[in-house]
Each structure stands twice: as C-alpha cells, then as structure tokens.
Amino acid sequence: MFVRGLATILHADLDSFYASVEQRDDPRLRGRPVVVGGGVVLAASYEAKAHGVRTAMNGRQARALCPQAIVVPPRMAAYSEASRRVFALFRDTTPEVEGLSIDEAFLEVGGLARIAGTPREIAARLRERVAREAGLPISVGVARTKFLAKVASGASKPDGLLVVDPAREREFLHPLPVRSLWGVGAVTAGRLHEVGVRTVADVAALGEAALVSYLGPAAGRHLHALAHLRDPRPVDTHRTRRSIGSQRALGRRPRTDAELDGILASTVDRLARRLRAPRGSDRDEPDETLDPLGAAGGGRVCRTVVLRVRFGDYARITRSHTLPVATAHTPTILSAARRLLCDALPDIHARGITLLGLSLTNLDRDDALQLELPLDAHAGPALDTALDAVRSRFGSASVGRASRLGHDEGLQVPLLPEHE
C-alpha cells in the first residue's frame, strides 16, 4: 500500500455512459436531450437530466418532464465495446486498476510520480485520452482515500476533474448532504433526517454510539468512520468477484406467473453457465461478462441465491436463500430461485413488477468443492456440461428452453468489462 497521506487514488467515472455513447455515435444527438430506453429510462444525457429526467424513471414520466427528449433504443454491445476500450486506457495508465462497474474504476497512481508526474497530471492526461481515443466524457476525482475520490468525481461532474487536498478534506466533505456518504440510500437518509442529521458534519458530531443505536452496529460504525475521514481500503486489483448477477427491466405491463418463471429460468441458465465457464472465456455474451479482476482459470460454484424485485411503485425488495452445499448445477439453483419468486408473488400481484434480477453470491472455485457421499458432485453435471459445449460452439441462443420460444428475452445490462 502506498503512503496514505498523499492523494494518489483516482476514481474515474464515465458521464451518462449509455447516453454519451449514443451522442458520440450519432452527431445529430449531440447537445440534445437524449433518453436511452422506452418503458424505463436506462440512461439520460445531461441535457435531459436538466429537465428532471433520471435513471430508472418511468418512460411516460420522463417524456412529461422533457417532451423534446429523443428516445433511443439501447445498444448493449456498443456499450460493452466502449467500456472495454476505456478500461484498456485505464490499464495503460497504471496496472493498479479496480473495476467497480462497466463505467467506473479506481486507479492507484502513487508509484508513478517519477515516470508520469503528479496524480493531477495523470488524471488530466487520462481524461484527455478517453475523450480523444474513446470519444467519451469522463469525470475524475483524486483523493487520499477511495471514498473521497468517489465523492470528488461526483462533485466534478459533468466532464470535470477535482483533487481533494489532504489538508482540506474536512472542509470539502463535511458540508455535503448525508446522501454523499457511501452506503446511505433513501431509507438510511430518512432515518437520519428524523433526528435532525442532514450533513456529513452532523453525522460526525453525532458520535458512534448514537449512530449505532439509530442504524445498527455495521452501518453506524461504517458511517462514523467515513464522516471522520477514515477509509483504509487500498485499490485492490486482486479482489475476486463475490457475486455475479443479471437483471431485466420489465416495463409496466402486467406479467403472468408463467412469464416471470420463464424469465427467471432464462436468467438462471445464463448465470449458471457463467459459473461453470473458465473465467475470461464468455465472449459471445457481451451483456454477461465474467470476473475482470481474477486470473483465467476454472469455473466457480455459488452458495447463496439472491432475488431482486422492483415493484410497480419502484420500491425494491431483496430475498435470499443459502444452499446447504455450494453448486453450479442449474436445476439446483433454479429450484432455489423459484422458491424465492413464489414467496414474492403475493406482493407482485398486488403492486406489479418492473424489474426482476438474480444474483449468485458466496462464490468459490469449483476445485475447492468438497464432495459428499455419494460422490456424484450433486445431481449430475453431465447435461449442464453438454449444453455449455453446444452454446460455446454455436452461440448462446443455439439451445434454449421450450417455454421461452417466441418470447423476447429482453435487455441484459452490461457488467464489468473482461480482463484481458
């Protein structure tokens, strides 16, 4: 770890990523309000955001706020390719890159002073290269800690650069609203507002014991540390992915139980295939990229299945089930996912559904799996292996479930780019 007294961590975040790719590729869209997605807003340009349009907003509401908005269909392959190009520039800047999502990453540049200049100079060159070579705007925050770098990049948007001087960190952070703290969402912010806590300075003044009493031990201690400028985490280039997931936006039309089950089954098929595939080999599915931070190697197994649902009122729930034994067996994972969906159906019937997602967590290497008697690796992987081989040779759509014939599989949101 480099000396933490210096501002050497960059947080690089592409601005309105999907919308920026559309504006880059179609000059007629530049300088105009652009909305990506129809039923649900997947991304909005800053010209559209100025009218109040936000990601995940209902398309009808977005058009009411910005009637002149140009709505374009998403092009997931284009976004994945743009992300790969930008991440190549990140890694050309420094080997110390920790990807967070398809459009953002942390970069550690503390060891580059003699060959590349100051962190500010490195960040400025990176922004210039992304604009010139990828054609995209990017905002960069530079700070002593990962948390402050992320806050700084947000404060510099759009298309900006902000360096937080270590001597002025408190001056920068404390006036900001509590939502600026990493991990504070609408629910936590509401609880803090109820007790008169509205800024980071208020959180710092409240004390750890009070925060723990309001928010619980984990959240209370976490927010107390951040408010007092404590974040010792280094940029981690060797972190293995703890989960993989996929989600599908469903729009607002009613969905039958059979439709939801089919969507869930297709999602499990994709995720289970990703588990079993050697890392870095799943190039035929740009929407379902594998772990960019781990080395190439064998497949993985999961222990916990997590269902995510967004209702018609845009409230969200998360439900999980932990299996007795880690597995990559498709039917076993699907059975657990179906139980979770069945439990959520009463709420879905009452409130509608606009998004269905699934994550597989508690991942491990498949060679770490301890077999139990009888030694059959649990429920016969032969069919899974055969289907994987067919899809690998002839494409991911070559074999599918009969129940999904003629159905639109929808859009799959790109994840982190592959590690080359």
Side-chain angles (χ1 to χ4, degrees), residues 1-15 17 79-153 156 161-164 166 182 231-244 277-283 286 289-298 300 363 365 414-420:
M1 185 188 306
F2 294 107
V3 178
R4 297 257 60 88
L6 303 176
T8 62
I9 295 178
L10 277 57
H11 179 257
D13 192 5
L14 290 160
D15 298 325
F17 178 46
Y79 310 147
S80 292
E81 177 56 34
S83 177
R84 290 188 184 100
R85 189 181 305 178
V86 172
F87 266 75
L89 295 175
F90 290 165
R91 296 189 182 98
D92 193 48
T93 299
T94 172
E96 303 293 318
V97 178
E98 177 184 341
L100 295 181
S101 69
I102 191 173
D103 59 353
E104 63 175 321
F106 287 115
L107 294 78
E108 172 62 73
V109 299
L112 304 178
R114 292 187 178 181
I115 61 174
T118 67
R120 179 189 289 275
E121 293 168 341
I122 295 170
R125 280 198 303 273
L126 175 63
R127 293 185 62 249
E128 190 274 332
R129 288 192 67 188
V130 171
R132 184 181 71 251
E133 300 179 36
L136 296 169
I138 190 167
S139 296
V140 180
V142 185
R144 183 180 55 89
T145 68
K146 291 166 75 171
F147 165 61
L148 285 174
K150 186 171 175 66
V151 174
S153 70
S156 72
L161 168 62
L162 178 61
V163 179
V164 180
W182 210 335
D231 180 15
R233 300 168 303 159
V235 172
D236 186 357
T237 62
H238 304 292
R239 183 187 65 183
T240 57
R241 186 187 287 274
R242 295 186 294 270
S243 68
I244 59 174
R279 279 172 282 184
S281 66
D282 207 15
R283 290 182 171 273
T289 52
L290 292 173
D291 185 353
L293 305 176
R300 292 163 292 183
L363 303 186
R365 294 285 295 269
L415 302 177
L416 282 166
E418 294 176 16
H419 181 57
E420 301 295 345

**Complete:** Residues F90 and L126: closest non-hydrogen pair is CD2-CD1, 3.9 Å
**Asked** Ignoring hydrogens and geometry, is there a side-chain-to-backbone donor-acceptor pair from E104 to S101 under 3.5 Å?
**Response** no
**Prompt:** If you measure from NE2 on H11 to CG on L148, what distance do you get to the nearest 0.5 Å?
**Reply:** 12.5 Å
**Complete:** Taking every heavy atom of T237 against every heavy atom of P95, the minimum-distance pair comes out as CG2-O, 3.8 Å
**Polar contact flag, side-chain donor to acceptor under 3.5 angstrom, S139-D13** = no
**Request:** Can you see which heavy atom on I102 is nearest to which on Y79, and at what distance?
**Result:** CD1-O, 4.0 Å
**Least distance between heavy atoms, P234 atom then E98 atom** = O-OE1, 3.9 Å
**Item:** Heavy-atom closest pair, residues S156 and L161
**Value:** CB-N, 3.8 Å
**Euclidean distance, L10 CG relative to R127 CZ, rounded to 0.5 Å** = 11.0 Å
**Prompt:** CZ of R132 to CZ of R125: how many Å apart, nearest 0.5 Å?
**Reply:** 11.5 Å
**Request:** Specify the closest pair of heavy atoms between A12 and I138, including all atoms of both residues, with the distance to one decimal.
**Result:** CB-CD1, 3.8 Å
**Request:** List in chain and number order the residues that pass side chain to side chain contact (heavy atoms under 4.5 Å, CB included) with T94, two or more places apart in sequence or in another chain; answer none if no residue qualifies.
**Result:** E96, V97, L107, V109, L112
**Asked** Just wondering, do L14 and V130 contact through their side chains at under 4.5 Å, heavy atoms?
**Response** yes
**Fill in**
Applying salt bridge (charged side-chain N to carboxylate O under 4.0 Å, His left out) to E133 and not counting sequence neighbours gives R129
**Prompt:** Is a donor on one side and an acceptor on the other found under 3.5 Å between the side chain of D103 and the backbone of F17?
**Reply:** no
**Request:** To the nearest 0.5 Å, tell me how far K150 NZ sits from F106 CZ.
**Result:** 6.0 Å
